[in-house]
There are 2 protein chains.
Amino acid sequence: MLILPKYHAIDCVIFNAGNSVYLDMRMQKRATIHDIAKLLNITSGTVSRALHNDTRVKALTKKKVLDAAKKLNYKPNTNASNLRTGDSKIIGVIVPQMDINFFSNVIVGIEEVASKNNYNLIICQSNDLYEKEKASVETLIKQNVACIILSLAGGTENTEHLVEAVKHNIPLIQFDRTDENLLTDRVVNEIDNIVMDMMQHLFDQGYRDIAYMAGPQNIDIFKKRRTAFEKSLEKLGLPYDAKKIISYDLSRASAKKAAEKLLTRKKRPDAIFASSDFGALGAWEVSKEMGLRVPEELGICGFSNEFYTEITKPSITTVNQFSKEMGQAASRIFFESLHRGAFEKPQTVVITPELIIRESTTRLPKKANH
Amino acid sequence: MLILPKYHAIDCVIFNAGNSVYLDMRMQKRATIHDIAKLLNITSGTVSRALHNDTRVKALTKKKVLDAAKKLNYKPNTNASNLRTGDSKIIGVIVPQMDINFFSNVIVGIEEVASKNNYNLIICQSNDLYEKEKASVETLIKQNVACIILSLAGGTENTEHLVEAVKHNIPLIQFDRTDENLLTDRVVNEIDNIVMDMMQHLFDQGYRDIAYMAGPQNIDIFKKRRTAFEKSLEKLGLPYDAKKIISYDLSRASAKKAAEKLLTRKKRPDAIFASSDFGALGAWEVSKEMGLRVPEELGICGFSNEFYTEITKPSITTVNQFSKEMGQAASRIFFESLHRGAFEKPQTVVITPELIIRESTTRLPKKANH
DNA sequence: ATGAAAGCGCTAACAC
DNA sequence: GTGTTAGCGCTTTCAT
């Protein structure tokens, strides 16, 4: 069954181009190694070896084969070689959404390393839905991908579908939003210290009444950030107040609503630490609407260094997660294990994030260099 | 040869998890239809038919096959069926960069339609380099993808590599940055009217000395936008002045430099129309630095409706290109032709963009509703 | 240095 | 309704 979207409700013109050579360009049939073999009166085995630059093949034969391949416009059929060798040279990637900066950057990192190793990427979106993630894993298993690199969907309830992949000998590499109960390779950010550093920074800037916008608690990374926040309160000797911790679902709308709730309390916090940049953006928007001066009356900071945090006035303090590097590391784990030729105990690569202090939390004059 | 990036220069910790069941979970061998057949004492042909819900197979047999498949944890091997049928159910996508909002949105649109039709995406980045684009096309041909959807790299000099794909019976669908000499299906935005509309808007707001930031002229879409700009000057009875048209390479740095050049001229323009949002952002940044009041002293508008144009103060007037819809339309073209089962004359889908008027160009009070 | 041949897992035409 | 069989294009072992 064919499923198609309607064209968008906006105006839309479709027209046909004039007579074209489009059809005429098409070949009858793709050349195979057999065609090359026939042309040269040798066997396809030799052709295959020649194309793989096997040392046993005579230089002259190699040259002839290469020439014939060019002449016949031969392209190897990866499906056939995959079937034969059981190796697809494809990495499957599953992310919640690829139009989120963080994820597209990770993908760029994965792709960079993959393409250098002549691997391709099949990219799936889970849209944060368990069912879609499950379907994606299924597809990738069928495609016989060499490995799956993924960040868990917010809605993922259990990880049986991932175990399934491992059962089919497909190594799994989790990044960022991971399930710790699933012992696989993983790439994550260090959390406790960076949250503490951010809190120390807020403290140093004189903020004492710090509210927290917590992400979805079923995603372990957001749970961890929240726990780290609570621990840091203690370390700084600040009181814990459940009312100062508010949840939101990472969307912009929900972020705004959450920020509004915090900022309209009778005892307004003097700073908001959001577990994502959308959270910080929401706080920033509400502060504008309320006419609050940032950073004087309200400090704001987020997490991820999304592009817009640099653009806002005042610019927003945040955390650089080194997303591209996370992708590179994930790819690297795979290619290293491939190189070793054996599974090993799962590795965890912990990437230390970096504080990016901007205007939204800088209300004291800089200390002189010492 | 194995090529790996170093971990990022930042701190990095790697450790092994405790003893895991990771290894033990792996299966000996993936089940095939033959395994199912053996188990049930039938032939693999029947199994294949049963799995495809062929009407000729007895209901009981179907049930048995399905049960056995589940029991053996059978997953079809797409490589094998692709090889047999010559149909990969994969769409190849090539974009300059996937971490640009516009492109990741298009990809989301493509993916949406593709996944509904049980097709997967292999996504390649050209990084605006001709060589990388060429290599990507090569890979996609080898993968025997069902079609290639692409937006040309800035650096693409000729389109022989694309003709190559068509020669291998792989339909090509161009979007946004297209080559008109290559007669393929395409999805583009309407340009002349939207540029004229923007110019009319600027004119209505009293801007008379409008400068233009032109993108790379080897990309036809940027050439067209520029031509449309020049035509609209004429229509509005404004003088053409070559000094008011400046080129930049779409990067943020180059945008800033270009804007600086325009705004430090002795006769400063009263508006800047940039051919991309990065251009507009550059102008916006320079205006801030120079203390120019926007929109009073300088009008700024861009193209693409990147997220940050909404965030800046003042927010930036721009053009909604309906990127996601472009992706959907591209996918749709493919599936429609697939459904028809034949090539036809190349189609062009023209999507009408939408003016998004924001603060950066609104200096007159709104007219009352009539 | 090359040929011969088997087979990866699946589909589909043909036979009964 | 099911079995038989050939073969998609490639790799690779075993001969020679």
Side-chain angles (χ1 to χ4, degrees), chain A residues 27-66 68-69 72-90 118 141-146 168-169, chain B residues 27-66 68-69 72-90 139 141-146 168-169:
Chain A
M27 300 195 314
Q28 262 54 46
K29 193 181 166 306
R30 284 172 68 141
T32 70
I33 50 172
H34 298 290
D35 298 323
I36 298 178
K38 219 174 290 169
L39 192 68
L40 301 177
N41 267 317
I42 56 176
T43 59
S44 57
T46 306
V47 174
S48 174
R49 280 185 293 253
L51 291 171
H52 286 96
N53 208 9
D54 189 307
T55 49
R56 289 170 300 181
V57 178
K58 201 161 53 176
L60 177 65
T61 316
K62 270 184 200 167
K63 189 182 161 2
K64 278 196 211 161
V65 168
L66 257 36
L72 295 176
N73 201 1
Y74 168 79
K75 311 270 179 208
N77 180 329
T78 32
N79 270 324
S81 59
N82 294 348
L83 176 59
R84 178 62 225 246
T85 62
D87 172 18
S88 68
K89 299 236 178 204
I90 293 182
N118 290 316
I141 293 177
K142 287 182 195 165
Q143 291 285 353
N144 198 23
V145 294
H168 282 83
N169 303 338
Chain B
M27 301 194 313
Q28 263 55 46
K29 195 183 164 306
R30 285 171 69 143
T32 70
I33 51 172
H34 299 290
D35 298 324
I36 298 178
K38 219 174 291 170
L39 191 69
L40 300 178
N41 266 320
I42 55 176
T43 60
S44 56
T46 307
V47 174
S48 174
R49 282 185 292 255
L51 291 171
H52 285 99
N53 208 10
D54 188 307
T55 50
R56 291 168 299 182
V57 178
K58 200 161 56 174
L60 177 65
T61 316
K62 271 185 200 167
K63 189 182 160 1
K64 276 197 212 162
V65 168
L66 257 36
L72 295 176
N73 201 3
Y74 167 79
K75 311 270 179 208
N77 180 330
T78 33
N79 271 323
S81 60
N82 294 348
L83 177 59
R84 180 59 226 242
T85 62
D87 171 18
S88 67
K89 299 236 178 203
I90 293 182
T139 317
I141 293 176
K142 287 181 196 168
Q143 291 284 351
N144 198 22
V145 294
H168 282 84
N169 303 338

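The figures here come from the full heavy-atom set of this structure, side chains too, leaving out hydrogens, waters and symmetry mates.
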Please state how far atom CG in B:N53 lies from atom P in D:dG1, giving the value in whole angstrom units.
13 Å

N/O (side chain, B:K29) to phosphate O (OP1/OP2, C:dG9) under 4.0 Å
yes

I'd like to know if the side chain of A:S44 reaches the main chain of A:A37, judged simply by a donor and an acceptor atom lying under 3.5 Å from each other, with no hydrogens or angles considered.
no

Verify whether one side chain among A:N53 and A:K62 offers a donor that lies under 3.5 Å from an acceptor in the other.
yes

Integer-rounded Å distance: D:dG9 C1' and A:R30 CZ:
10 Å

Scan residues 43-55 of chain A for pairs that pass salt bridge (charged side-chain N to carboxylate O under 4.0 Å, His left out), counting only residues two or more places apart or in two chains.
A:D54-A:R56

With the criterion being N/O to N/O and under 3.5 Å, what pairs connect the protein with nucleotides 2-6 of chain D, and how long is each?
residue : atom : partner : partner atom : Å
D:dT2   : OP1  : B:T61   : OG1          : 2.7
D:dT2   : OP2  : B:K58   : N            : 3.0
D:dT2   : OP2  : B:T61   : OG1          : 3.1
D:dG3   : OP2  : B:T43   : N            : 3.0
D:dG3   : OP2  : B:T43   : OG1          : 3.0
D:dG3   : OP2  : B:T46   : OG1          : 2.6
D:dG3   : N7   : B:R49   : NH2          : 2.8
D:dG3   : O6   : B:R49   : NH1          : 2.9

With a 3.5 Å distance limit and no angle check, can you tell me whether A:T78 reaches the backbone of B:K142 through a side-chain donor-acceptor pair?
yes

Got more than 12 heavy atoms from elsewhere within 6.0 Å of NZ, B:K64?
no

Send over the distance from B:D87 CG to D:dG9 P, rounded to a whole Å.
14 Å

What is the nucleic acid contact for B:T32, judged by heavy atoms within less than 4.0 Å: base, sugar-phosphate only, or nothing?
sugar-phosphate

Roughly how many Å is it from NE2 in B:H52 to P in C:dA12, rounded to a whole number?
7 Å

Mind checking if A:S48 touches a base, just sugar-phosphate, or nothing, with heavy atoms under 4.0 Å?
base

Closest nucleotide among D:dG9, C:dA12, D:dC10 to the A:S81 side chain:
D:dC10

